[in-house]
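Structure, as structure tokens:
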Amino acid sequence: MTNRRRFLVTSLVGTVALGVSKAQAAGPMLSETEPQAQALGYVADTRRVDQKKYPKHVISQRCDNCALYQGKAGDSAAACPLFAGKSVAGAGWCTAYAKRA
Ligand code: SF4
């Protein structure tokens with residue numbers, strides 16, 4: 001393997017590894033206006049959920065007590081697998097909410 005080729009391969013592996021570690025970390029905050037957020041009725045504050053539109057929502061449902069939330073209860077923001085590369089607010093909510101066991 002030439003030095004140049006070895007350099008390129010090493011760089012590529014490093015770039016892929018960096019991409020994977022970034023994907024696992026919490027990313028920038030999810031905006032309520034993003035299409036995927038709107039599709040799931042996401043709001044950053046569960047108190048602002050439209051009860052007429054989502055009558056099954058109750059105020060105690062929050063991202064930080066949802067089974068999909070990647071943070072701990074009380075964390076202000078963390079990743080959610082439904083919104084890859086983004087963080088959702090601990091006080092947030094969406095229609096995929098599932099109570100943490
Ligand atoms: Fe929040 Fe759960 Fe919806 Fe993810 S699935 S945005 S953690 S309510």
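Counting convention: from 1, in listed order, for ligands and their atoms alike. Note that these values count all heavy atoms, side chains included, but never hydrogens, waters or copies made by symmetry.
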**Message:** Quick test of your reading: applying ring pair (Phe, Tyr, Trp, His ring centres under 6.0 Å), list the pairs with at least one residue in residues 47-68, sequence neighbours left out, ordered by first then second residue.
**Reply:** Tyr54-Trp93, His57-Trp93

**Asked** To the nearest 0.5 Å, what is the distance between CD (Gln36) and NZ (Lys86)?
**Response** 10.0 Å

**Asked** Is there a side-chain contact between Ile59 and Arg47, using heavy atoms and a 4.5 Å cut-off?
**Response** yes

**Asked** So how many protein N, O or S atoms does atom 4 (Fe) of ligand 1 have within less than 2.8 Å?
**Response** 1

**Request:** List in chain and number order the residues that pass salt bridge (charged side-chain N to carboxylate O under 4.0 Å, His left out) with Arg48, two or more places apart in sequence or in another chain; answer none if no residue qualifies.
**Result:** Glu32

**Request:** Output all residues satisfying salt bridge (charged side-chain N to carboxylate O under 4.0 Å, His left out) with Lys72, sequence neighbours left out; order by chain, then residue number.
**Result:** Asp75

**Request:** Treat each ILVMFWY residue as a node, draw an edge where side-chain heavy atoms are under 4.5 Å apart, and state whether Leu30 and Leu82 are in one component.
**Result:** yes

